[in-house]
J.: 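One structure is given below, represented as structure tokens, and several questions about it will come after.
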Amino acid sequence: MPHSLTQAQSRDLLALAARVAREAGELLMNRPVTFDISAKTSALDFATQMDNASEKLIVDALLKVRPQDGIVGEEGASRPSTSGITWVIDPIDGTVNYLYALPGWNISIGARDEVGPLVGVVHAPTVNSTWTAIRGEGAFFNGVPIYCNDPITLDRALIGTGFEYDVAKRVEQGRVVANLLPLIRDLRRMGSAAVDLCYVAMGAFDGFYESGLKEWDSAAGGLIATEAGAIVTTNEAGITVCAGPALHPALARAIEGSAPI
Ligand code: IPD
Ligand code: CA
């Protein structure tokens with residue numbers, strides 16, 4: 001029977017997610033000699049054997065402790081919840097970075113209840129970074145409280161973004177970049193939406209936007225950014241904008257006014 005969790009139970013959920021993310025991180029730091037690459041929605045969108053192995057490790061470990069919970073995983077894990085809690089998992093966010101041995105790829109694990117996102121962990125072992133949040137309890141970077149930058153004006157804003165795997169959408173995203181670039185301090189494309197959101201949370205970016213994000217891209221990072229004081233919205237066109245309260249409306253206007261995505 002679904003019911004609201006106590007503060008102690010929410011903390012247990014976060015501790016479980018953090019432990020499981022660390023275990024997946026250990027698995028992933030042990031890089032394979034060769035990669036098996038399987039195409040997903042297009043040749044640009046792919047998974048490796050390590051995405052699948054990480055998802056299996058995470059799902060098995062979560063269900064071992066909480067067999068009644070639901071699962072939504074990027075690589076296909078899916079199961080309904082009878083506890084009221086559903087885990088939303090990206091077993092490697094930043095698979096392209098992972099393949100090329102670039103830093104910043106991460107394991108993103110969120111849990112939601114009937115209200116919305118409840119806990120989130122983004123664990124990026126290559127940069128010794130773990131971001132966490134529980135709804136209503138603030139956001140943390142390696143255990144230290146974090147806050148987004150605010151107030152920031154658009155012309156002083158360092159903005160992160162990312163691009164979809166769909167080539168036609170990338171053409172539109174390129175137009176938005178061309179319009180936005182003269183209005184801001186600078187732009188970064190790091191390769192992981194989850195870390196981008198955490199960068200806003202800790203003030204390493206002033207803002208972030210991307211169109212076409214999936215639930216597993218933002219389940220944990222979106223909660224972490226919100227708990228750090230940022231506003232996170234996704235409009236009808238599927239454009240997610242994340243920034244401190246002063247910057248958010250200006251950034252959203254600049255992006256949404258640029259072009260349809
Ligand atoms: C991708 C990364 C990337 C973003 C893409 C995502 P994946 O996730 O977060 O930064 O631009 O939209 O799909 O495919 O590596 O899990
Ligand atoms: Ca992924």
Side-chain angles (χ1 to χ4, degrees), residues 20-21 24-25 27-28 31 35-59 71-78 87-110 120-127 129 131 159-174 176-177 180 187-201 204-205 207-225 232 234-235 237-242 255 261:
V20 172
L27 172 93
L28 293 169
R31 292 173 62 76
F35 281 95
D36 300 335
I37 293 180
S38 41
K40 300 205 294 187
T41 58
S42 75
L44 300 180
D45 184 11
F46 64 88
T48 71
Q49 77 270 33
M50 298 307 281
D51 297 72
N52 295 319
S54 175
E55 183 158 297
K56 181 171 182 342
L57 181 154
I58 294 166
V59 171
I71 300 281
V72 176
E74 177 173 12
E75 306 313 332
S78 170
W87 296 96
V88 184
I89 300 157
D90 193 337
I92 305 179
D93 180 48
T95 295
V96 174
N97 280 24
Y98 185 74
L99 179 68
Y100 284 79
L102 287 169
W105 55 267
N106 62 88
I107 299 98
S108 170
I109 304 178
V121 175
V122 174
H123 176 56
T126 54
V127 287
S129 297
W131 296 266
I159 303 296
T161 194
F163 304 118
E164 292 195 52
Y165 293 114
D166 182 303
V167 170
K169 300 235 174 82
R170 285 187 172 187
V171 173
E172 293 303 329
Q173 288 177 318
V176 173
V177 168
L180 189 64
L187 193 69
R188 297 285 182 272
R189 198 290 192 241
M190 307 297 278
S192 154
V195 167
D196 292 341
L197 289 160
C198 293
Y199 278 175
V200 177
F205 285 165
F208 164 72
Y209 76 95
E210 185 167 345
S211 63
L213 289 182
K214 305 292 188 304
E215 188 185 6
W216 45 78
D217 294 316
S218 61
L223 177 67
I224 292 162
V232 185
T234 300
N235 73 2
I239 308 170
T240 298
V241 177
C242 171
I255 293 159
I261 302 190

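All ligand and atom numbering here is 1-based and tracks the order in the structure.
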J.: For N97 and P103, work out which heavy atoms get closest and say how close.
T.: ND2-O, 3.0 Å
J.: Quick one, I71 and I89 - any side-chain contact, counting heavy atoms below 4.5 Å?
T.: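 Yes, close enough: below the 4.5 Å cut-off.
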J.: Hey, is K40 close enough to E75 for a salt bridge, meaning N to O under 4.0 Å?
T.: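 Looking at K40 and E75, the cut-off is met.
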J.: Please check: side-chain N/O of R188 versus main-chain N/O of D196, any donor-acceptor pairing under 3.5 Å?
T.: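 Judged by distance alone, no pair lies under 3.5 Å.
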J.: Please report the shortest heavy-atom distance between G207 and V200, naming the atom on each side.
T.: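 It is C-CG2, 3.6 Å.
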J.: Which protein atoms of type N, O or S are found under 3.0 Å from the Ca ion (ligand 2)?
T.: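 Per the 3.0 Å query on the Ca ion (ligand 2), atoms found are E74 OE1, D90 OD1, I92 O.
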J.: Can you tell me if N52 uses its side chain to pair, donor with acceptor, with the backbone of Q49 under 3.5 Å?
T.: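 Absent.
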J.: Tell me, which residues have any heavy atom less than 4.0 Å from some atom of ligand 1?
T.: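 Answer by chain and number: E74, D90, I92, D93, G94, T95, G162, F163, Y165, R189, G191, S192, A193, E210, D217.
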J.: Locate the shortest heavy-atom distance separating I224 from W131; write the atom from each residue and the value.
T.: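 So the two residues come closest at CD1-O, 3.6 Å.
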J.: Indicate yes or no for a side-chain donor-acceptor contact from T126 to the backbone of G104 under 3.5 Å, with no hydrogens or angles considered.
T.: yes
J.: Do N106 side-chain atoms and D93 backbone N/O form a donor-acceptor pair below 3.5 Å?
T.: yes
